[in-house]
Amino acid sequence: MIAIACDHGGYDLKKALCDWMDSRGMPYENLGTDSGDSVDYPEYAHRLAAGIADGTYEKGILVCGTGLGMSMAANRHPGVRAALCSESFSAAMSRRHNDANVLCIGGRVTGPEVAFEILEIFLGTPFDGDRHARRISKIEID
Ligand code: RB5
């Protein structure tokens with residue numbers, strides 16, 4: 001299952017991404033926030049990232065104003081590899097080389113059409129494995 005969450009800065013883009021997934025019949029779980037009222041992004045990042053870390057969700061999408069705060073918070077969780085992407089090449093490489101399991105997008109940075117392309121690539125690109133698996137195993141520290 002895919003989970004998606006945002007803060008107020010990412011609300012409009014998250015809604016567009018949900019509409020895009022709905023139009024394709026893609027199942028997902030929306031973890032909020034569900035309005036443009038001001039909230040604190042770490043609460044949403046931690047909610048989603050905890051679900052990735054415990055195996056509830058396979059992949060996640062986090063949207064805030066820049067994507068920066070969401071990625072910083074999500075990457076504090078063991079096993080979470082959150083990638084902030086604003087173009088499709090990074091989205092593809094985040095999957096192929098980094099086995100990213102969370103996509104972060106900036107709602108005040110990236111327009112909806114580019115975001116749809118990024119999401120499609122993120123969800124559809126497999127991990128290359130091999131030497132990249134060894135490198136990923138070296139990311140986590142005690
Ligand atoms: C909220 O104003 C903004 O700081 C937040 O959406 C995000 O960009 C933080 O990194």
Side-chain angles (χ1 to χ4, degrees), residues 1-129 132-142:
M1 176 64 78
I2 297 166
I4 187 167
C6 68
D7 74 350
H8 54 288
Y11 174 67
D12 288 342
L13 181 58
K14 186 193 76 172
K15 194 169 176 307
L17 292 168
C18 289
D19 290 346
W20 185 88
M21 290 191 284
D22 288 341
S23 72
R24 281 156 181 76
M26 298 168 60
Y28 62 87
E29 196 165 324
N30 174 22
L31 305 181
T33 188
D34 293 310
S35 82
D37 295 345
S38 183
V39 294
D40 295 338
Y41 62 82
E43 294 177 15
Y44 294 87
H46 290 316
R47 187 179 299 168
L48 184 144
I52 297 283
D54 71 14
T56 303
Y57 308 117
E58 181 196 347
K59 286 200 178 82
I61 306 154
L62 289 169
V63 192
C64 63
T66 59
L68 289 165
M70 287 293 201
S71 60
M72 289 176 189
N75 276 319
R76 302 299 296 265
H77 292 250
V80 170
R81 291 177 298 281
L84 172 57
C85 298
S86 57
E87 34 69 37
S88 55
F89 178 74
S90 294
M93 297 311 285
S94 79
R95 291 289 312 129
R96 290 185 54 198
H97 285 195
N98 310 113
D99 198 17
N101 46 20
V102 176
L103 170 67
C104 300
I105 310 183
R108 296 171 180 161
V109 177
T110 303
E113 292 299 331
V114 173
F116 300 155
E117 182 180 81
I118 287 169
L119 179 56
E120 185 163 35
I121 289 168
F122 178 78
L123 295 177
T125 304
F127 177 45
D128 281 359
H132 302 294
R134 182 186 70 244
R135 291 167 184 162
I136 284 170
S137 75
K138 296 181 177 182
I139 289 177
E140 302 281 346
I141 57 173
D142 294 336

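Just follow the structure's listing: the first ligand is 1, and inside any ligand the first atom is 1.
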Could you tell me whether a side-chain N or O of Arg81 sits under 3.5 Å from a main-chain N or O of Asn98, the two making a donor and an acceptor? yes
What part of Met72, side chain, backbone, both or neither, has a heavy atom within less than 4.0 angstrom of ligand 1? neither
Ligand-side contact atoms (ligand 1) for residue partner Gly65, heavy atom cut-off under 4.0 Å: 5 (C), 6 (O), 7 (C), 8 (O)
Suppose we measure from atom 7 (C) of ligand 1 to each protein heavy atom; which comes out shortest, and what is that distance? Cys64 SG, 3.4 Å
Around atom 1 (C) of ligand 1, find the nearest protein heavy atom and jot down its residue, atom name and distance. His8 NE2, 3.5 Å
With heavy atoms of Asp7 as the reference, note each atom of ligand 1 found under 4.0 Å away. 1 (C), 5 (C), 6 (O)
Determine the interplanar angle of the Trp20 and Phe116 rings, folded into 0 to 90°, and report it as parallel if under 30°, tilted if 30 to 60°, perpendicular if over 60°. parallel
Could you check which of Gly9, Ser38, Gly69 puts a non-hydrogen atom nearest to atom 10 (O) of ligand 1? Gly69
Among all protein non-hydrogen atoms, which one is nearest to atom 8 (O) of ligand 1, and what is the separation to 0.1 Å? Thr66 N, 3.0 Å
Atom 2 (O) of ligand 1: closest protein heavy atom, distance to 0.1 Å, is Arg108 NH1, 3.3 Å
Please determine whether a side-chain nitrogen of the Lys or Arg among Asp99 and Arg135 lies less than 4.0 Å from a carboxylate oxygen of the Asp or Glu. no
For the backbone of Gly79 and the side chain of Asn101, can you confirm whether one donor and one acceptor N or O come within less than 3.5 Å of each other? yes
If you count the non-hydrogen atoms of other residues, nucleotides and ligands that lie under 6.0 Å from NZ in Lys59, is the total more than 12? yes
Could you tell me the residue and atom name of the protein heavy atom closest to atom 4 (O) of ligand 1, and the distance to it rounded to 0.1 Å? Tyr41 CE2, 4.5 Å
With a 3.5 Å distance limit and no angle check, can you tell me whether Lys14 reaches the backbone of Asn30 through a side-chain donor-acceptor pair? no
Does ligand 1 have an atom under 4.0 Å from some heavy atom of Met70? no
Where the side chain of Asp7 meets the backbone of Gly10, is there a donor-acceptor pair that is under 3.5 Å apart? yes
